[in-house]
Amino acid sequence: QVQLVESGGGLVQAGGSLRLSCAASGRTFSSYAMGWFRQAPGKEREFVAVISRTGRGTYYPDSVKGRFTISRDNAKNTVYLQMNSLKPEDTAVYYCAADETVILHTTPRQYDYWGQGTQVTVAS
């Protein structure tokens, strides 16, 4: 079992930045690839970023590439999502998820554990 707790969400103006954190506890954090997803009201959960177990591999969809950066600190059992140049369409609940694999998955059903989410609201 892995427990995940997100933090760092809030209200920001368009063009601003936020840094989300996801603290993990339970089994060995470095055994998991970590992903970030988001879900806006009335929409399906959407892939935002993924990072490999070592942190050397990352992947982003075009919608956030160049604006968002995922990173991890295995010594602190924490994964981060730095979000810059935020847009109103980035407004959503953001979730971190853990996947016990070497593959960088991008679909929610492939992840084993989820946090409770943190709200990000970008005002225009």
Side-chain angles (χ1 to χ4, degrees):
Q1 286 281 349
V2 174
Q3 293 77 43
L4 303 173
V5 179
E6 301 97 335
S7 60
L11 173 64
V12 64
Q13 294 293 317
S17 298
L18 280 175
R19 188 195 196 201
L20 305 183
S21 299
C22 173
S25 60
R27 292 187 61 187
T28 306
F29 180 66
S30 58
S31 298
Y32 295 87
M34 297 297 297
W36 284 97
F37 292 80
R38 65 188 181 187
Q39 189 165 19
K43 294 188 176 182
E44 294 187 352
R45 195 162 294 192
E46 176 188 17
F47 167 69
V48 173
V50 62
I51 189 166
S52 66
R53 297 184 298 183
T54 62
R56 287 194 287 266
T58 59
Y59 182 72
Y60 308 88
D62 288 344
S63 58
V64 307
K65 193 176 297 181
R67 300 189 298 123
F68 290 11
T69 303
I70 189 171
S71 62
R72 67 190 295 161
D73 185 339
N74 285 349
K76 296 182 178 180
N77 289 355
T78 303
V79 62
Y80 305 96
L81 185 68
Q82 177 67 43
M83 304 186 295
N84 298 328
S85 302
L86 283 162
K87 305 175 181 180
E89 51 264 44
D90 294 318
T91 296
V93 177
Y94 282 70
Y95 299 89
C96 70
D99 183 11
E100 194 170 12
T101 180
V102 297
I103 300 172
L104 301 184
H105 288 135
T106 62
T107 56
R109 63 178 174 82
Q110 292 166 314
Y111 283 75
D112 303 304
Y113 303 99
W114 291 84
Q116 83 290 347
T118 185
Q119 176 71 47
V120 171
T121 302
V122 183
S124 57

Heavy atoms only: give me the nearest R53-V102 pair and the separation to one decimal.
-> NH2-CG1, 2.7 Å

Passing option when I70 is tested against V48, L81, V64 for side chain to side chain contact (heavy atoms under 4.5 Å, CB included) = L81

Is there a side-chain contact between V12 and S17 (heavy atoms, below 4.5 Å)?
-> no

Taking E46 for its side chain and R38 for its backbone only, find out whether a donor-acceptor pair lies under 3.5 Å.
-> no

Between S71 and I51, the two heavy atoms sitting closest are CA-CD1, 3.6 Å

Single-linkage hydrophobic cluster M34~F37, side-chain heavy atoms < 4.5 angstrom | no

Hey, are the side chains of V120 and L20 touching, using non-hydrogen atoms and a 4.5 Å cut-off?
-> yes

Please state whether the rings of H105 and Y111 are parallel, tilted or perpendicular, taking 30° and 60° as the class boundaries.
-> perpendicular

Residues in side chain to side chain contact (heavy atoms under 4.5 Å, CB included) contact with R19, at least two apart in sequence or another chain = Y80, Q82

Heavy-atom side-chain proximity of E89 to S63 below 4.5 angstrom | no

Main-chain N/O of G55 paired to R72 side chain as donor or acceptor, under 3.5 Å | no

Answer whether the closest heavy-atom distance between the side chains of R45 and W114 falls below 4.5 Å.
-> yes

Non-hydrogen atoms of N77 and F29 that approach each other most closely | OD1-CB, 3.3 Å

Distance, nearest 0.5 Å, that separates CZ of F47 from OH of Y60 | 9.0 Å

Atom pair CD/SG of E6 and C96 - distance to nearest 0.5 Å | 4.0 Å

Note: A98 and Y32 closest approach over all heavy atoms is CB-CD2, 3.8 Å

Return yes if some donor-acceptor pair links the side-chain N/O of D90 with the main-chain N/O of V122 below 3.5 Å, else return no.
-> no

Least distance between heavy atoms, A49 atom then P61 atom | N-CD, 4.5 Å

Output for pair (F68 CZ, L86 CG), nearest 0.5 Å, gives 5.0 Å

Grab the two heavy atoms, one from Y95 and one from Q116, that are nearest each other, plus how far apart they are.
-> CE2-O, 3.5 Å

For K76, does the NZ atom sit with more than 12 other heavy atoms under 6.0 Å from it, leaving out its own atoms?
-> no

Atom OH of Y59 with >12 non-hydrogen neighbours under 6.0 angstrom = no

V2 reachable from Y94 in the ILVMFWY side-chain graph, under 4.5 Å edges | yes

Test applied, side chain to side chain contact (heavy atoms under 4.5 Å, CB included); reference residue, L11; option that passes from T121, T91, L18 = T121

Under 3.5 Å donor-acceptor, N74 side chain and T28 backbone = no

May I ask whether V79 and L104 are part of the same hydrophobic cluster, defined by side-chain heavy atoms of I, L, V, M, F, W, Y residues being less than 4.5 angstrom apart, directly or through others?
-> no

Spacing of OG1 belonging to T101 relative to CG belonging to D112, to within rounding of 0.5 Å | 9.0 Å

